[in-house]
Amino acid sequence: MRTVICGAGISGLALAHRLAAEGGEVVLVERAPGRRPQGYMIDFFGPGLEAVEAMGLLPAFERAAYHYQEGHLVGADGRRRATVLTKSFARGRLLSMMRPDIEAVLAEHLPAEVELRYDTGLTGVTERPDGVSVTLADGTVLDADLLVGADGIHSTVRRLVFGPEERYLRYLGLHTAAFTFDAPDVHAATEHAFRLTDSVDRQMGFYALRDGRVAAFTVHRSAGPALPGDPRAAVRRAYAGLGWVTPRALEQCPPAEEIYYDQVAQIELPRWSSGRVVLLGDAAYAVSLIAGQGASLGIAGAYLLADRLVHVPSIEAAIADFERLWRPVVTERQRNARSLARWFLPATPADLRIRRLMLGLSRVPFVMDRLATLLTGKDVTLDDVLRRAGDHPLGPVSGSVPSTPA
């Protein structure tokens with residue numbers, strides 16, 4: 001089977017790894033000229049971690065991870081207002097990883113057989129009963145048995161095949177940004193635990209990195225989803241006067257092209273596929289920054305899709321089975337994120353005090369378990385999902401990807 005995957009992000013790289021490892025022919029196209037350095041710190045856990053372990057990549061992930069034991073809510077005067085244990089965010093194992101580091105590990109472990117093309121945009125998709133033709137920006141046409149759109153929340157594949165983005169995007173009222181900067185004084189103030197400003201309607205978070213830099217992420221309320229023309233100016237304007245170390249962070253904020261800036265939103269589609277075209281990861285089911293599980297769901301979804309293509313006789317049936325098994329998990333995570341928005345970024349001083357109290361109780365065992373459920377939703381494992389498929393228990397994908405469409 002020949003598969004074209006659009007998007008060399010987390011989901012696309014994971015799927016390319018699985019399909020090529022099983023003998024499939026994979027072409028992975030990415031419009032960026034290379035790996036993107038922008039991105040924030042991710043709490044990586046759940047079904048994605050299971051998938052990574054089954055793929056044999058867990059040691060590499062652990063080497064790239066950070067191990068923060070706790071986080072602090074910090075006031076404008078720099079005083080700690082509450083402490084939360086990082087294990088409150090998830091049941092079981094958790095790795096804190098920069099998004100670019102996750103992509104780097106996946107890219108570095110791609111099978112040599114994967115054809116990876118950077119700086120390659122996609123301009124057209126022609127569906128056929130037995131496959132799909134993909135037109136690239138340089139006029140090249142690729143024929144394949146399957147096209148996978150793993151090209152993020154602003155997916156080109158989704159726009160070309162399913163229609164305009166506004167049909168499927170649910171804006172959650174927030175904008176977010178992430179960047180890294182050099183400031184030894186801020187690094188010293190944020191070592192050993194992540195720090196989050198205890199503030200209303202806008203907040204900044206800081207992580208000290210092992211190379212001496214600091215990773216910052218921001219989130220603030222915005223009336224509309226339209227993105228600013230100058231992300232750097234927008235960040236400096238939105239977070240001015242926040243106090244503590246934020247003036248230094250804003251002073252060291254890098255040029256616009258080095259900043260990740262986007263709206264906080266979800267993608268909701270009635271179907272994830274059309275014939276031999278299927279969407280994966282944020283292109284199909286972005287759960288938003290609030291849910292905090294986009295990377296995990298992206299990798300686990302890629303693992304499951306590859307598994308279905310191995311175990312189900314036809315490509316169309318495999319895609320349908322993938323959606324049948326995975327959609328309930330994603331829908332629950334999206335719903336949970338929407339219910340958490342009030343506490344993710346408090347809108348009033350009263351909500352701020354309630355959040356502080358909730359996090360302060362996280363050291364109590366039964367409260368910790370309840371908080372993990374509140375933050376991450378029901379405890380669903382990849383093993384659970386694969387068992388529902390009825391083919392086999394969780395393990396490395398076995399068998400071979402069909403060489404021709406059924």
Using the ring pair (Phe, Tyr, Trp, His ring centres under 6.0 Å) rule, collect all pairs that involve [range], keeping only residues at least two apart or in two chains.
range            : value
residues 213-249 : His175-His220, Phe206-Trp244, His220-Tyr239
residues 138-168 : none
residues 4-36    : none

Just grab all the salt bridge (charged side-chain N to carboxylate O under 4.0 Å, His left out) pairs involving residues 242-253, residues at least two apart or on different chains.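 Sorted result for residues 242-253: Asp185-Arg248, Arg248-Glu251.
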
Does any part of the side chain of [Y], heavy atoms only, come nearer than 4.5 Å to the side chain of [X], both counted from C-beta?
X      : Y      : value
Glu25  : Thr3   : no
Thr180 : Met98  : yes
Leu289 : Leu174 : no
Tyr118 : Val29  : no
Val134 : Val141 : no
Val132 : Leu146 : no

Would you please test Cys253 and Phe179 for side chain to side chain contact (heavy atoms under 4.5 Å, CB included) and show each step? CA-CA 7 Å; Cys253 187; Phe179 57 92; 4.1 Å; yes

Residues Asp383 and Thr381: side-chain donor-acceptor under 3.5 angstrom: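 Distance-only check fails for Asp383 and Thr381.
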
Quick one: do the His67 and Gln69 side chains pair a donor with an acceptor below 3.5 Å?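 No pair is found: no donor N or O on one side chain lies under 3.5 Å from an acceptor on the other.
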
What do the steps show when you test Tyr260 against Tyr40 for ring-ring contact (aromatic ring centres under 6.0 Å, His included), and what is the final call? CA-CA 8 Å; Tyr260 167 84; Tyr40 44 82; 5.7 Å; yes

For [X], salt bridge (Lys or Arg N to Asp or Glu O under 4.0 Å) partners two or more places apart:
X      : result
Arg170 : Glu268
Asp211 : Arg213
Arg128 : Asp130, Asp143

Looking at [Y] and [X], is any side-chain nitrogen of the basic one under 4.0 Å from a carboxylate oxygen of the acidic one?
X      : Y      : answer
Arg271 : Glu323 : no
Asp145 : Arg2   : no
Arg93  : Glu53  : yes
Arg342 : Asp351 : yes
Asp321 : Arg324 : yes

Does the ring centre of Tyr207 sit less than 6.0 Å away from the ring centre of Tyr66?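 So the answer is no for these two rings.
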
Check side-chain hydrogen bond (donor to acceptor under 3.5 Å, both in side chains) between [X] and all other residues, then give those that pass, not counting sequence neighbours.
X      : value
Arg236 : none
Gln334 : none
Gln203 : Arg355

Who are the side-chain contact (heavy atoms from CB on, under 4.5 Å) partners of Glu257, not counting sequence neighbours?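 By the side-chain contact (heavy atoms from CB on, under 4.5 Å) rule, Glu257 matches Pro255.
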
Please output the side-chain donor-acceptor pairs of residues 99-116 that fall under 3.5 Å, not counting sequence neighbours, one pair per line with the distance.
| residue | atom | partner | partner atom | Å |
| --- | --- | --- | --- | --- |
| His109 | ND1 | Val105 | O | 2.9 |
| Glu115 | OE2 | Arg117 | NE | 2.7 |
| Glu115 | OE2 | Arg117 | NH2 | 2.7 |

Approximate separation, where rounding is to 0.5 Å, of Ile5 CD1 and Leu19 CG: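 With rounding to 0.5 Å, CD1 (Ile5) is 5.5 Å from CG (Leu19).
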
Between Asp119 and Arg31, is the salt bridge (Lys or Arg N to Asp or Glu O under 4.0 Å) condition met? List the steps. CA-CA 4 Å; Asp119 203 15; Arg31 66 182 176 183; over 6 Å; no

Run the salt bridge (Lys or Arg N to Asp or Glu O under 4.0 Å) test on Glu30 and Arg36 for me, step by step, so that the C-alpha distance in whole Å, both residues' side-chain angles and the decisive distance to 0.1 Å come before the verdict. CA-CA 11 Å; Glu30 167 58 54; Arg36 286 165 292 194; 3.5 Å; yes

Verdict with reasoning, Glu165 to Arg159, per salt bridge (Lys or Arg N to Asp or Glu O under 4.0 Å): CA-CA 6 Å; Glu165 179 176 288; Arg159 175 177 55 80; over 6 Å; no

